[in-house]
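Reviewing the structure listed below.
A note on names: the letters A, B, ... follow the listed sequences, proteins ahead of strands, and every chain is numbered from 1. Computation of the quantities below employed the complete heavy-atom set of this structure, encompassing side-chain atoms and omitting hydrogens, waters and symmetry-equivalent molecules.
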Amino acid sequence: MSEKNKCETCPVAEQCDVKEKEDIETLREWFYNENVRDHFFNPRNIFKTKEEAENYKADGEAMVGSPACGDVMKMWIKVKDGKIVECKWQTFGCASAIASTSILSVMVTENGGMKIEDALKLTAQDIVKRLGDLPPRKFHCSVLGDQALRAAIKNYLEKKN
Amino acid sequence: MSEKNKCETCPVAEQCDVKEKEDIETLREWFYNENVRDHFFNPRNIFKTKEEAENYKADGEAMVGSPACGDVMKMWIKVKDGKIVECKWQTFGCASAIASTSILSVMVTENGGMKIEDALKLTAQDIVKRLGDLPPRKFHCSVLGDQALRAAIKNYLEKKN
Amino acid sequence: METRDIYLDHAATTYVLPEVKSAMDPYFCERFGNPSAFNSKGLKAKGALRNARKTVAELINALPLEVYFVGSGTESDNLAIKGVARANKEKGRHIITCKIEHHAVLDSCKALEKDGYEVTYLDVDKYGQIRLNDLKKAIRNDTILITIMYANNEIGTIEPIKEISKIAKEKGILFHTDACQAGGQLSIDVKELGVDLMTLNGSKLYGPKGIGLLYVRDGVKIEPIIHGGGQEKGLRSGTENIPSIVGFAKALELAQTSKDEESKRLILLRDKLKKGLLEIPKTLLNGHPTERLPNNLNIAFADVEGESIILRLDALGIYVSTGSACTSKTLEASYVVTATGMPDEIAHGSVRFSLGHRTTEEDIDYVLDVLPKIIEELRNMSPVEVDLEKILEEWNKNE
Amino acid sequence: METRDIYLDHAATTYVLPEVKSAMDPYFCERFGNPSAFNSKGLKAKGALRNARKTVAELINALPLEVYFVGSGTESDNLAIKGVARANKEKGRHIITCKIEHHAVLDSCKALEKDGYEVTYLDVDKYGQIRLNDLKKAIRNDTILITIMYANNEIGTIEPIKEISKIAKEKGILFHTDACQAGGQLSIDVKELGVDLMTLNGSKLYGPKGIGLLYVRDGVKIEPIIHGGGQEKGLRSGTENIPSIVGFAKALELAQTSKDEESKRLILLRDKLKKGLLEIPKTLLNGHPTERLPNNLNIAFADVEGESIILRLDALGIYVSTGSACTSKTLEASYVVTATGMPDEIAHGSVRFSLGHRTTEEDIDYVLDVLPKIIEELRNMSPVEVDLEKILEEWNKNE
Ligand SMILES: Cc1ncc(COP(=O)(O)O)c(C=O)c1O
Ligand SMILES: Cc1ncc(COP(=O)(O)O)c(C=O)c1O
């Protein structure tokens with residue numbers, strides 16, 4: 001509707017539009033499933049304070065998105081033996097952006113940590129699958145999650161070399 | 001709206017349209033004042049049966065209007081010493097058509113009867129005035145009343161000469 | 001004389017049934033949220049909206065996404081006709097309808113004529129049905145829409161919807177039906193009927209006023225006539241009227257689930273009334289003898305004018321109508337009755353009795369008790385004596 | 001934690017007041033007639049319609065014949081804009097509106113643009129008011145309509161209606177105002193305001209949903225957008241929605257007679273909330289500091305996104321909104337807030353608190369109790385730290 005406000009830098013703007021046409025009914029669902037709500041209200045792997053974040057020593061970190069577009073994610077990872085053993089994050093964005101970052105941080109650190117090469121293969125779809133059904137419009141938010149993760153890993157690999 | 005159904009022979013069709021534009025609010029009033037209701041429900045000077053009408057000996061009689069237009073009036077008068085002493089009528093039409101004929105029959109016969117020259121001068125406005133306020137759209141119906149009366153008087157005068 | 005309360009004007013509008021009212025009540029002061037609002041109050045309203053849409057969709061055998069709530073039957077007709085015409089104007093600008101449609105349809109068509117569209121208004125036969133041959137002949141290469149009502153509001157005649165939809169489908173033309181009068185009494189399975197668009201409203205089936213519905217088959221191109229916040233998938237903007245939508249869904253459900261039983265009951269009562277009234281001399285039945293709405297009876301009383309009959313009945317507490325409520329102007333004979341070939345003079349004496357939920361056999365008996373006398377008295381006062389044989393002869397020409 | 005029921009979303013929609021509900025109730029099942037029906041049932045409905053119209057006319061200082069009931073605020077806006085545009089196209093095809101209008105107005109204008117009309121969308125200043133000089137400059141020889149809202153639904157800013165109407169009158173241009181948000185709180189005397197057309201609706205002033213009103217000054221040329229049976233003097237066909245019309249009249253009456261007192265109460269509460277919320281670091285007030293609706297507060301919380309705030313409040317039983325309900329899509333910053341010159345990143349953190357009849361001081365205290373903590377927690381989770389000085393600098397450019 002308001003073209004003007006459509007975020008030009010959004011990587012999945014087109015995708016959103018397609019989805020919109022495909023399933024307008026579901027699109028209008030603004031409320032989330034239990035899992036999303038749980039991760040939104042009880043986000044895992046976050047910092048308690050800004051200071052904690054500032055003082056955190058990460059092996060790799062990265063930030064993606066832009067506040068003007070309404071979504072920014074920052075991710076910090078610690079890597080041990082090629083596996084992600086810690087994953088901290090900050091998110092500026094809607095509930096599903098927050099929840100999807102939270103669940104992503106759980107996915108990559110559970111069971112002793114995910115191998116870096118597996119983590120690099122993670123897609124938005126994987127996150128959405130784990131979250132349970134999400135309004136199509138909200139896919140966008142989880143796309144940023146895997147981007148942030150990949151960027152953080154890249155930063156780690158760059159630092160390492 | 002439905003041009004097709006507008007009665008082409010109606011003598012006041014144009015007047016109705018003007019009125020309609022002037023006072024659309026009141027036009028939408030389909031219900032009548034007490035006086036109209038009284039004359040509609042208790043019409044004066046009517047015949048009890050068709051036979052009575054057939055056997056009635058009038059000095060003058062006439063019929064105006066057309067059933068296709070939705071309004072027909074027939075009037076019978078008896079004249080004595082230049083005054084109308086009896087006035088009988090039949091009307092096919094809406095409530096105000098019936099009421100206005102009834103009141104007209106009273107107007108011309110009350111107080112010993114109206115002089116013929118006065119009766120010839122009666123206008124639709126006079127009838128409406130006596131009836132009390134009428135929806136403008138309904139003026140039409142009283143117009144037929146004075147026409148019927150004039151026609152009956154004309155018939156009487158023709159017979160006399 | 002005692003005054004009754006005998007409402008025989010259900011085709012004009014119906015009362016809201018108590019169950020419908022109860023269903024609506026919570027949505028005024030408590031569950032009042034705006035379904036578009038992004039909070040729990042909105043969510044609850046959205047849930048109610050969704051349930052209502054699902055209920056309605058099931059009742060008409062459609063998908064929820066094919067159901068659009070609008071503000072009235074009239075708006076639904078306007079949206080269907082103008083919306084389809086404007087969205088498909090590249091394909092053509094010709095529309096086919098018939099002469100006895102409701103003004104909502106006729107005047108939408110007239111509005112389009114001003115915008116350069118062409119409209120064919122089909123004649124109807126003596127019973128008020130269109131002739132399928134006329135329809136076939138009227139179809140052109142640039143015909144984009146056929147809009148024919150399911151059942152007529154004045155004379156109750158049911159149009160041959162399935163046959164029309166077959167013809168429309170063969171020619172690839174969209175078919176809309178105004179089912180306002182049918183929704184409470186006939187099957188409205190859109191698949192069975194084969195329609196692409198269908199109009200319903202609340203005020204004729206014991207639901208609230210101010211609510212209408214447009215079924216639009218998935219895939220049909222249509223444009224909104226009211227623009228704004230994008231509700232109803234952008235086809236009808238404006239805060240959703242949840243109480244009325246809930247009430248409409250409930251009313252449609254009640255009507256559709258009780259329709260077989262209730263139709264039987266109404267037909268019995270109506271036929272008793274018909275038999276009794278046709279025993280009065282010089283009377284005629286308007287509309288179709290069999291293909292008619294269960295609750296509709298339209299009788300022409302020769303030599304008297306409809307308004308007088310109505311007012312005399314009204315004084316006794318019997319409420320009936322002449323033609324459609326919207327055009328109750330006594331100077332004009334009903335365009336529906338005259339379209340069936342009835343001469344004006346007898347059309348003027350036509351009265352519609354439309355029965356409904358509250359109608360009892362006692363009501364019918366009372367009408368049959370008082371009406372013959374009223375007709376006799378009015379005829380005594382009438383200078384008109386039409387020749388019924390000639391009238392019938394003329395009417396029968398419209399075979 | 002205990003869940004409250006604190007509704008601070010009155011600008012999205014209001015509950016129906018009990019007095020309004022009681023006024024409506026008799027018209028569903030008993031006084032249910034169709035005002036166009038020619039019998040006593042219809043007459044009673046017609047009487048109710050007339051009384052409601054008279055009440056409303058007096059409240060807005062108009063003649064009853066200048067009052068048209070329609071199906072929603074959106075429909076009223078559409079009718080005003082498209083109706084006037086189409087009826088006056090011989091005079092010209094240029095319309096002036098502003099960028100922060102409701103979508104009902106904006107999208108009506110856009111629809112007209114497709115039909116060959118030209119529309120100027122005026123900018124607004126940092127507080128959301130149009131500049132009268134801009135307006136004067138925008139006026140052309142072929143300008144036929146100015147449509148500027150009375151008060152904005154998101155940021156609560158009141159536009160300089162009297163000044164606009166003076167300019168419009170001087171130039172002989174028709175002036176319509178969308179007063180949906182103002183109707184319940186401000187004076188809506190059309191003579192005093194000097195407007196030619198005015199839109200109101202029920203759902204924002206404790207009346208029913210699905211009812212709107214268009215005031216049209218006698219003599220203004222306007223065409224219908226919905227055609228049919230000719231109700232509302234042909235400007236809005238469809239069976240009149242009597243219960244809602246009666247409810248609307250009652251609601252407007254209650255709102256207008258209590259507005260001085262209630263406004264005082266709401267302003268006290270709102271200003272307490274404002275003071276408390278602006279004590280949170282990095283917050284800004286959206287909209288005008290003084291020229292604003294008594295019940296509206298719109299605060300931008302830097303570094304957090306609105307939806308998160310809303311959901312956190314919702315979980316505690318506090319119901320608020322970001323922008324307008326219709327466009328609560330989180331991917332887009334409010335077009336209203338950004339139009340005031342607020343950068344997108346801070347517009348994303350804007351939350352509207354709209355108070356109303358049920359709002360108590362306890363509610364406000366509770367919000368002030370919980371919200372600072374929520375903002376703190378969300379900020380802890382946020383990687384964004386905007387430079388408020390720079391933001392203010394940018395915003396202040398839109399003087
Ligand atoms: C300023 C304004 N105009 C128009 C509307 C539309 O009103 P409705 O939703 O009743 O159609 C609204 C509310 O949604 C509004 O706030
Ligand atoms: C056949 C038909 N179509 C349309 C309508 C219009 O419905 P509404 O008055 O709800 O707009 C009616 C009733 O008035 C009707 O009987």
State the [atom1]-[atom2] distance between [X] and [Y], to the nearest 0.5 angstrom.
X        : Y        : atom1 : atom2 : result
C:Cys29  : D:Lys21  : SG    : NZ    : 6.0 Å
C:Ser40  : D:Leu311 : OG    : CG    : 8.5 Å
C:Ser72  : D:Arg236 : OG    : CZ    : 5.0 Å
D:Asp115 : C:Asp115 : CG    : CG    : 8.0 Å
D:Ile226 : C:Asp107 : CD1   : CG    : 12.5 Å

Give a yes or no on whether the backbone of [Y] and the side-chain of [X] come within a donor-acceptor separation of less than 3.5 Å.
X        : Y        : answer
C:Asn34  : D:Thr13  : no
D:Lys209 : C:Phe32  : yes
C:Asn39  : D:Asp314 : no
D:Lys41  : C:Asp9   : no
C:Asn78  : D:His227 : yes

Of all the heavy-atom pairs spanning C:Thr74 and D:Gly228, show the shortest one and how long it is.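 It is CG2-CA, 4.4 Å.
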With heavy-atom distances below 4.5 Å as the criterion, would you say the side chains of C:Glu307 and D:Phe38 are in contact?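 A side-chain contact exists here, since the closest heavy-atom pair is under 4.5 Å.
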Measure the shortest side-chain to side-chain distance between D:Tyr27 and C:Val16 over non-hydrogen atoms and say whether it is less than 4.5 angstrom.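 A side-chain contact is absent here, since even the closest heavy-atom pair is not under 4.5 Å.
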Is [X] close to chain D through its backbone or its side chain, or both, or neither, when contacts mean heavy atoms under 4.5 Å?
X        : result
C:Tyr7   : side chain
C:Val320 : backbone
C:Ser244 : neither
C:Asp5   : side chain

